[in-house]
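Count residues from 1 along the sequence. Keep in mind it's a predicted model, so treat the numbers as computed, not measured.
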Amino acid sequence: MEQLDTNKIKQDIASKFQLEGTLTEAAPYGSGHINDTLRLTCELPQGGHKCYILQRMNDDIFKDPDGLMENIMNVTSFLRKKIAENGGDPERETLNVIPTVDGKNYLVDENGDYWRTYKYIEDATSFDTVEKPEDFYNSAVSFGNFQKLLADYPAATLHETIPNFHNTVSRFADFKKAVEEDVCGRAKDVQKEIQFVLDREADTHIICDALEKGEIPLRVTHNDTKLNNIMIDNKTGKGICVIDLDTVMPGSALYDYGDSIRFGASTGAEDEKNLDLISCDLNLFEIYTKGYIEGCGGSLTEKEIRMMPMGAKLMTLECGMRFLADYLQGDVYFKIHREEHNLDRCRTQFKLVADMEAKWDTMMQIVEKYI
Ligand code: ADP
Ligand code: GN1
Ligand code: MG
C-alpha cells in the first residue's frame, strides 16, 4: 500500500467522517504491525480539543473489509450493552466507530483504500513493554473478562476475517511452502532458524487436535492479545478497553492467553537484537496466569488450564514461524522498519520457545496451582 500523505488525509479522508470541531492535526500513531494508524486532533469551538483514531485498514491482509467492519459493529454493540448492564462506561470501555458524513461505518477512497475512525480513548496508555507488573496483571484480567463478556456471543454470525489464523498446522504448512519457494534466496542464510521450526512439527498439532477432539472448547476470542492492544487507564492502572478487534473470531482461550505471554512475559522487546536479553520471566508468567484465570471468572476448564504452558509455547512458535516465513517471502505481511527486522523478530520468538522448554516443569507447576 502507498505511503501515508498526512496532508491529503486531512483534506480528503478525515473530512469525510463526522468529526466534531476543526481538524488541526493528523499524525501517525502507535506501533501496530498491520494497519496504518493516525491520531486526529480537532479544536472545539468552545475551547479545548477532541481526538480520534483514523485507520487505513490493511486490505492486503483483511480480504473482506466489509465483513470485518460488520464484526466490529456487532461485537462492539454487544459489548456496549454488557458494559452498561455491568455499570461501566460504554463510551470508553469498548471501541466506538465514528460514522462517515453519509452514515457509513467506513470509507472507501478513490484508490480503493478502506478507512475507519474510532473515538480516541483519553487518559489511557497502550504499552509496548511491561513497565509495571501490575499493568500486565490488569491486562490479563481485562483480556480474560473480554472473553467472558463474549461467552454468549452468537459465534456463527462472525466472519472469519483471516481464515486459519491460529491454526498452527496450517501455519506450519505455509511456513514450509515459504521455505521451499524461497523467492528471495534468503533460506540458505537462515538454516538454523528453519531447522528450529522443522524440529517442532509434532507440537503444531497439539492444540488443533485438542480442539478437534472436543477436549477444549471453541470460544469467541480476540486472537491478537499483545499488551499494546489494551488501553490501561492512566488514573486507576486498570485495563480500560480491549482494542484492535480485527481478529475477533472463534478460537481457543489458549490463543489469547498464549499470545499475551509471548509478548508480555518476555524480558525484551519482540525485535531485540541481543538475544541474551530475551527469556520468559516466570514471575510475569505467573502474574498473567493468575489475572487471566480470574478475568475469565472461573470459565476455563481444567484441561485448558493444564494446557496454558502449551498455549504460550505454541503461540510463540507460531509467531516466530510467521516472522520467518515473511522474511523469506520478502517482508510482505508485517511492517518492517529496518533490514532483517522480521529475522530479528523470529529469533526472539525462538529464543523464548527454547527458554520455555527449559522452564517447562516450573511453568506446569505454576498453572497447576490455579486448578
Ligand atoms: P494494528 O492492527 O496495526 O496493531 P491497532 O488497532 O492496534 O492497529 O492500533 C494501533 C495503536 O493505536 C494501538 O496500539 C494504540 O496505541 C492506538 N489506538 C488504537 N485505537 C485507539 C483508540 N480508540 N484510542 C486510543 N488509542 C488507540
Ligand atoms: C500483528 O496488529 P498487531 O500489530 O497488533 C499480528 C499478530 C501478531 C503480532 C506480532 C492481524 O499484531 O497476529 O501476533 O503482529 N496481527 C495480524 O507482533 O496478523
Ligand atoms: Mg494492534
Side-chain angles (χ1 to χ4, degrees), residues 1-10 13 25-40 53-62 111 113-116 118 120 125-131 162 165 171 174-175 178 182-187 189-190 192-194 197 223-231 243-244 246-247 259-260 262-278 315-353:
M1 292 206 297
E2 269 173 61
Q3 286 291 94
L4 291 178
D5 172 349
T6 46
N7 277 331
K8 184 175 176 298
I9 287 169
K10 272 169 80 175
I13 308 292
E25 205 192 336
Y29 196 73
S31 48
H33 294 339
I34 304 297
N35 296 305
D36 291 313
T37 303
L38 297 111
R39 185 171 66 175
L40 307 178
I53 287 288
L54 172 69
Q55 282 183 326
R56 181 168 65 176
M57 294 183 253
N58 190 324
D59 61 338
D60 291 334
I61 290 176
F62 297 107
N111 301 323
D113 284 341
Y114 290 79
W115 298 84
R116 68 177 168 213
Y118 291 124
Y120 182 82
T125 308
S126 81
F127 291 99
D128 286 322
T129 52
V130 175
E131 291 176 10
I162 302 182
F165 191 57
R171 289 287 186 189
D174 294 346
F175 170 78
D182 191 21
V183 289
C184 300
R186 291 173 169 179
D189 301 321
V190 292
K192 207 174 88 194
E193 288 77 8
I194 292 172
V197 177
N223 297 305
D224 190 2
T225 48
K226 58 184 187 184
L227 185 64
N228 63 19
N229 284 333
I230 198 149
M231 306 301 301
I243 60 169
D244 203 347
D246 296 338
T247 51
D259 196 53
S260 295
R262 171 193 82 72
F263 189 83
S266 172
T267 51
E270 192 183 59
D271 59 356
E272 174 59 57
K273 278 170 166 295
N274 180 358
L275 295 182
D276 291 341
L277 300 179
I278 301 293
M315 286 302 97
T316 311
L317 179 67
E318 178 196 275
C319 199
M321 270 196 288
R322 293 174 62 198
F323 287 143
L324 183 52
D326 197 31
Y327 175 71
L328 294 171
Q329 287 168 328
D331 308 305
V332 291
Y333 187 98
F334 297 102
K335 280 189 200 166
I336 56 163
H337 307 290
R338 60 176 187 248
E339 291 272 294
E340 301 195 342
H341 206 163
N342 275 316
L343 182 58
D344 293 337
R345 288 172 177 152
C346 93
R347 287 179 171 148
T348 61
Q349 304 306 292
F350 298 155
K351 176 76 197 286
L352 276 173
V353 168

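Put simply, OG1 on T348 and CG on N274 are 12.0 Å apart, with the number rounded to the nearest 0.5 Å. The distance from atom CZ of R322 to atom CG of L317, rounded to the nearest 0.5 Å, is 12.0 Å. Atom CD1 of I53 sits about 6.0 Å away from atom OH of Y29, to the nearest 0.5 Å. A distance of 9.5 Å separates CG in N58 from CG in D113, rounded to the nearest 0.5 Å. Rounding to the nearest 0.5 angstrom, the gap separating the CZ atom in F263 from the CE atom in M315 is 16.0 Å. Taking CD1 of I243 as the reference point, atom OG of S126 lies at 5.5 Å (rounded to 0.5 Å).
Using modelled atom types, one finds a donor on one side chain and an acceptor on the other under 3.5 Å when comparing N35 with D246.
By the ring-ring contact (aromatic ring centres under 6.0 Å, His included) test, F62 pairs with no residue at all, sequence neighbours left out. Among residues two or more places apart in sequence or in another chain, the side chain to side chain donor-acceptor pair (under 3.5 Å) test is passed with R347 by E193. Residues that satisfy the side-chain contact (heavy atoms from CB on, under 4.5 Å) test with L4, not counting sequence neighbours, are I9, D36, L38, R56, W115. Not counting sequence neighbours, the partners of V332 by the side-chain contact (heavy atoms from CB on, under 4.5 Å) test are D326, Q329. For T267, the side chain to side chain donor-acceptor pair (under 3.5 Å) test picks out S279, with sequence neighbours left out. Judged as a side-chain contact (heavy atoms from CB on, under 4.5 Å), and not counting sequence neighbours, the contacts of K273 are R338, D344. Evaluation of the salt bridge (Lys or Arg N to Asp or Glu O under 4.0 Å) rule for E272 yields no partner, not counting sequence neighbours. In this structure, R345 has no salt bridge (Lys or Arg N to Asp or Glu O under 4.0 Å) partners at least two apart in sequence or on a different chain. T37 pairs by the side chain to side chain donor-acceptor pair (under 3.5 Å) definition with Q55, not counting sequence neighbours. Partners of D331 under the side chain to side chain donor-acceptor pair (under 3.5 Å) rule, at least two apart in sequence or in another chain, are R186, N342. In this structure F323 satisfies the ring-ring contact (aromatic ring centres under 6.0 Å, His included) test together with F334, sequence neighbours excluded. In terms of the salt bridge (Lys or Arg N to Asp or Glu O under 4.0 Å) criterion, D224 has no residue partners (sequence neighbours excluded).
Between the side chain of S266 and the main chain of G268, a donor-acceptor pair closer than 3.5 Å is present. The main-chain N or O of D244 is never found under 3.5 Å from a side-chain atom of N229 such that the two would form a donor-acceptor pair. Side chain of K226 to main chain of D128: no donor-acceptor pair is present (N/O by atom type, distance under 3.5 Å, no hydrogens or angles).
In this structure, P28 and T6 approach most closely via the heavy-atom pair CD-CG2, 4.1 Å. Considering all non-hydrogen atoms of both residues, N228 and S31 come closest at ND2-OG, 3.8 Å.
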Would F127 and I230 satisfy side chain to side chain contact (heavy atoms under 4.5 Å, CB included), going step by step from the backbone distance to the final call? CA-CA 8 Å; F127 291 99; I230 198 149; over 6 Å; no
Stepwise side chain to side chain contact (heavy atoms under 4.5 Å, CB included) test for L324 and I194: CA-CA 8 Å; L324 183 52; I194 292 172; 4.2 Å; yes
F165 and R171: side chain to side chain contact (heavy atoms under 4.5 Å, CB included), yes or no, with the steps? CA-CA 8 Å; F165 191 57; R171 289 287 186 189; 3.2 Å; yes
Would E270 and R262 satisfy salt bridge (Lys or Arg N to Asp or Glu O under 4.0 Å), going step by step from the backbone distance to the final call? CA-CA 9 Å; E270 192 183 59; R262 171 193 82 72; 2.8 Å; yes
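D259 places none of its side-chain heavy atoms less than 4.5 Å from the side chain of N223.
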